[in-house]
Structures are given as structure tokens and as C-alpha cells.
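Note on naming: letters A, B, ... go to the chains in the order of the sequence lines (proteins, then strands), and numbering restarts at 1 for each one. Quantities reported herein were computed from a predicted structural model and do not represent experimental measurements. What's counted below: heavy atoms across the whole structure, side chains too, no hydrogens, waters or symmetry copies.
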There are 2 protein chains.
Amino acid sequence: MTTDTPLKKARDLSKAQSRARLIDAAATSIHRHGLRGATIGEIQAISNLSRGMINLHFKSKENLLLAVAEHLANAYDAHMEQAINAAGSDPKAQLLALFRADLDPNILNSRDVSIWFSFRAEGHTNPQFQTCIGTRSGHFARLLKGICKALTPIPHHPVNAPALAASALVSLLEGIWTDFHLNPDNFNREEALQTCLYVADRLFADQLQGQ
Amino acid sequence: MTTDTPLKKARDLSKAQSRARLIDAAATSIHRHGLRGATIGEIQAISNLSRGMINLHFKSKENLLLAVAEHLANAYDAHMEQAINAAGSDPKAQLLALFRADLDPNILNSRDVSIWFSFRAEGHTNPQFQTCIGTRSGHFARLLKGICKALTPIPHHPVNAPALAASALVSLLEGIWTDFHLNPDNFNREEALQTCLYVADRLFADQLQGQ
DNA sequence: TCACAAAATGAACAAACGTTCAGTCAAAGT
DNA sequence: ACTTTGACTGAACGTTTGTTCATTTTGTGA
């Protein structure tokens with residue numbers, strides 16, 4: 001969706017469409033039955049495409065799974081980048097935007113989150129999965145640390161207060177994803193946002209009382 | 001280990017030992033290759049037991065996997081309960097004990113955590129896994145909420161401050177597990193504890209300034 | 001309209017899988 | 001000492017798995 005290669009012939013379009021359909025079917029299969037149950041037969045049945053298609057488009061089933069992981073990670077990155085860019089330069093607004101984006105139903109939904117967790121479970125087994133699903137700890141963490149620095153008054157107490165706050169917020173969001181994944185029915189999106197805001201509020205209140 | 005049925009004959013002992021060895025081998029296999037790679041052949045090779053043992057002891061491979069999940073959940077519960085009981089009745093000490101227990105290498109180690117994540121990934125697929133790995137949200141959350149209530153001065157601002165703090169801390173710990181799982185090499189246990197303590201400190205500082 | 005190229009198909013295949021069970025062995029009871 | 005019991009073994013079986021490839025279908029350029 002982000003890159004529109006022009007002048008596509010009908011055949012190329014249908015090829016890309018089949019590819020996308022396979023990725024989507026594989027994702028659905030992972031969601032329904034886990035990585036263990038995401039078999040060629042399942043994916044074929046969901047996609048209504050022929051059995052040979054997977055190996056034709058992706059050489060192997062494992063490559064298709066990898067493509068699902070990449071697709072998911074790219075969608076997450078794009079979503080977050082867009083949200084941050086739209087937030088302007090005020091760190092408080094950026095933080096709110098980051099919370100909202102991370103809790104957005106387009107990202108935090110039971111289908112996608114369950115797929116995230118499936119890949120994460122095998123991350124240390126498969127290095128290729130690892131690089132895909134590690135997107136959270138890179139750009140995201142750095143950005144959040146910058147925001148925390150801007151929001152923490154100086155002098156800090158303790159001296160590494162911004163770093164502590166940043167890693168706390170990363171973990172908080174990560175944990176909220178886990179709560180959602182383990183119990184999507186009892187999950188309240190608005191409540192989760194309030195929890196984030198409450199923690200942020202407490203973290204970035206005036207810190208000079210102790211010193 | 002908790003229930004010692006006495007007067008075990010040698011044959012019963014060896015039976016129990018084989019059972020335990022199968023569970024351990026299955027856990028190792030899940031750790032090494034994920035649930036997908038935890039095959040009968042793998043478990044057999046790791047345990048050095050015969051092929052038929054799994055179905056003899058557990059009727060099916062799936063039951064063995066379930067036994068692994070139960071074993072893990074029981075170990076976690078026992079560990080936490082013992083830690084809380086040893087902490088006395090002071091809520092602040094209880095909170096510290098809870099943090100320490102949740103970050104303890106006996107619980108938070110790359111082997112066990114990776115197995116947790118494997119089962120969690122398929123929790124919504126397999127209801128039997130679900131009940132095992134949902135241990136965190138039951139007793140644990142209730143206990144933490146009690147501690148938060150005791151630590152939050154009244155009147156609260158906002159009124160649900162203890163509930164917010166409790167769910168924040170649950171998610172924080174959950175997220176720290178995730179950080180550990182995704183990147184066990186860059187993980188600093190002491191730093192994680194400091195993050196928890198810092199957040200707790202900020203959460204339970206005097207809250208009356210806003211009202 | 002025709003010949004070419006590339007996408008799509010699905011029957012066929014070998015490998016790997018979980019499970020079974022007749023047979024073996026050692027411990028327990030008499 | 002003998003019999004019985006139950007844990008253990010591992011070859012064999014049927015199923016399911018991912019992959020291949022000869023064939024068919026369909027869009028493209030001459």
C-alpha cells in the first residue's frame with residue numbers, strides 16, 4: 001500500500017494479489033490454530049488457492065510464515081511512525097499519541113496480537129523471526145526515551161530517572177499487550193489508556209521533593 | 001514434591017521418575033525448538049527413553065505438553081506463594097517481595113520463560129493451555145490490588161487510583177518478562193528491579209497535591 | 001489470430017509424524 | 001522357587017506433512 005509500483009500489467013496484479021492472499025490466509029491460520037496448526041492444507045483451504053501456490057510464490061512454507069511476520073512488523077512500524085509524525089513536537093502530545101497508537105484496534109486486535117505472540121514464542125529458535133518481531137526495542141524505545149528526557153525536570157532524582165521511566169513505559173505497553181492477548185474479552189481499551197496516562201502522570205510529576 | 005505419598009515401591013518410584021523425565025525432556029524440546037519442533041522423536045532423543053513411553057504415561061503427546069504447562073504453572077504458583085508468605089504483613093515489604101519473586105532466576109530464566117511464551121501463544125487455541133497459563137491474572141492480581149490499596153493514601157485521586165496502580169504493576173511485570181524473553185542477553189535483572197521500585201515509588205508518593 | 005511466456009493447478013511422492021501393540025524384562029506377591 | 005503383575009521396549013502402521021513437477025490455463029506481444 002505504501003509503494004505503488006506503476007504500470008502493472010493484469011498478470012502482475014493477479015500475482016501480487018495471490019501473494020497477498022496467501023499471506024492473509026497464513027495469518028488467519030496462525031490466528032486460528034497457532035503456528036503448529038498453520039499447515040499447507042489449512043492455508044490452502046482458507047485461501048481457496050491451489051496447493052502448489054505456496055511453494056511457487058515463497059519457495060517454502062517457512063518463507064511464507066516469515067513473510068507474515070514481516071508484513072505484521074511493517075504494518076506496526078508504519079502505523080507508529082504515522083502517529084508520531086501527526087503528533088507534532090510537544091513531548092506530552094507525542095507520548096499521548098504513542099499510547100493511543102499502541103492501543104489502536106488496527107494494531108491491538110486479537111488476530112494480529114495472537115500472531116505476534118506466535119512468532120515471539122519461536123523468536124529465539126528462528127533468527128529470521130527474531131529480527132522481524134524485535135521492532136519494538138529499536139526505534140520505538142529510542143523515541144520513548146527522548147520523550148521521557150524532555151518530560152523529566154532537571155535535576156533528576158535518581159540521575160537515571162528518564163531511562164527508568166522509558167523502560168517502565170515500554171514494559172507497561174508490552175504488558176498491556178500481554179493482558180489483551182491472554183484475555184481479550186475482559187480487556188477494556190479505555191481503561192488501559194487511563195492506566196498508561198496515570199502512570200505517565202505519576203512518573204513526570206515534579207520530582208524535586210526527594211532532594 | 002509437595003505431596004509425599006509414602007510407602008512407594010521401587011517400581012512406582014521408577015515410574016514417577018520416568019514421568020518426570022519425560023516432562024523435563026519435553027520442556028527442553030519446547031525451549032530448543034518451540035512447540036512445533038517438540039516432536040516425539042526429539043523428546044525421545046533428549047530423554048533417552050523409548051518411543052512408546054509418552055503414550056504409555058500420558059496417552060498422547062498433547063497430554064504431555066499439557067503436563068509441562070501444568071508443571072510450570074504449579075512451580076510459579078508455589079514460588080510466589082512462598083515468597084509472599086515470607087514477606088510478613090507490611091504491604092511495602094510484600095510488594096518488594098513480589099517484585100523480587102517475579103524476577104527471581106528460578107522463575108525468570110530463558111528456558112522457562114520461552115516455554116511460558118510458547119504455551120501463551122497457543123492459549124486461545126487450546127482451552128487446556130489457557131487455564132494453565134492464566135495463573136497470573138487470578139490470585140496474583142487480587143493480591144497486588146490489596147497491596148496497592150494499602151499503599152495508596154485516602155482520599156484517592158483519581159478515585160480508582162489503587163486499581164490503576166495494580167493493573168499498571170501487573171502489566172509492568174508482564175512487560176518485563178517480555179523484554180527478558182525477546183532479549184535475554186541484554187537484560188539486566190537489577191535494572192529491572194530498580195524500574196519496578198521506581199514506578200512503585202512514584203505511584204505511591206503522596207497523591208493529595210492534585211485535590 | 002496465433003505463438004509465446006508466465007501463472008496456476010493438483011496428483012504423486014518421500015519424509016516425518018503420532019500411535020499402537022505384541023513381546024521383553026524386572027520387581028512383587030505367594 | 002515360581003507365578004503374576006505392570007513398567008518398558010521398539011518395530012510396524014496409517015496419516016499427515018511439505019515439496020515437486022508435468023500439465024493446464026490465462027494473459028501478453030507480434
[X] vs [N]: side-chain N/O to OP1/OP2 distance below 4.0 Å:
X	N	value
Lys9(A)	dG29(D)	yes
Lys61(B)	dG18(C)	yes
Ser18(B)	dC8(D)	yes
His57(A)	dA7(C)	no
Ser60(B)	dG18(C)	no
Ser14(B)	dC8(D)	yes

What is the separation between atom [atom1] on [X] and atom [atom2] on [N], rounded to the nearest whole Å?
X	N	atom1	atom2	value
Lys59(B)	dT19(C)	NZ	C1'	11 Å
Leu49(A)	dT26(D)	CG	P	14 Å
Leu56(B)	dG23(C)	CG	P	18 Å
His33(B)	dA16(C)	NE2	P	14 Å
Asp12(A)	dG29(D)	CG	P	9 Å
Leu22(B)	dC8(D)	CG	C1'	11 Å
Leu64(A)	dT19(D)	CG	P	10 Å
Ile40(A)	dG18(D)	CD1	P	5 Å

Report task. Verify ring-ring contact (aromatic ring centres under 6.0 Å, His included) between Tyr76(A) and Trp177(A), making sure each step is shown before the conclusion. Result -> CA-CA 13 Å; Tyr76(A) 177 81; Trp177(A) 274 39; 5.8 Å; yes
Query raised in the report: Mind checking whether Leu103(B) and Phe180(B) have side chains closer than 4.5 Å, heavy atoms only?
Result: no
Query raised in the report: Any side-chain heavy atom of His33(A) within less than 4.5 Å of one from Glu122(B)?
Result: no
Query raised in the report: Got a salt bridge between Arg120(B) and Glu174(B), using NZ or NE/NH1/NH2 to carboxylate O under 4.0 Å?
Result: yes
Requested in this report: Tell me which of Gly37(B) and Ala10(B) sits closer to the 5' end of DNA chain C, going by the nucleotide each one is nearest to.
Outcome: Gly37(B)
Report summary line: Per nearest nucleotide of DNA chain D, the residue lying toward the 5' end, Arg11(B) or Ser50(B), is Arg11(B)
Report summary line: Per nearest nucleotide of DNA chain D, the residue lying toward the 5' end, Met53(B) or Ala38(A), is Met53(B)
Query raised in the report: What nucleotide among dC17(C), dT20(C), dA27(C) has an atom nearest to a side-chain atom of Asn55(B)?
Result: dT20(C)
Requested in this report: Check the pair Thr28(B) / Arg111(B) against side chain to side chain contact (heavy atoms under 4.5 Å, CB included), numbers first and verdict last.
Outcome: CA-CA 8 Å; Thr28(B) 300; Arg111(B) 188 182 123 112; 2.5 Å; yes
Requested in this report: Ignoring hydrogens and angles, answer whether the base of dT19(C) and the side-chain atoms of Arg51(B) contain a donor-acceptor pair closer than 3.5 Å.
Outcome: yes
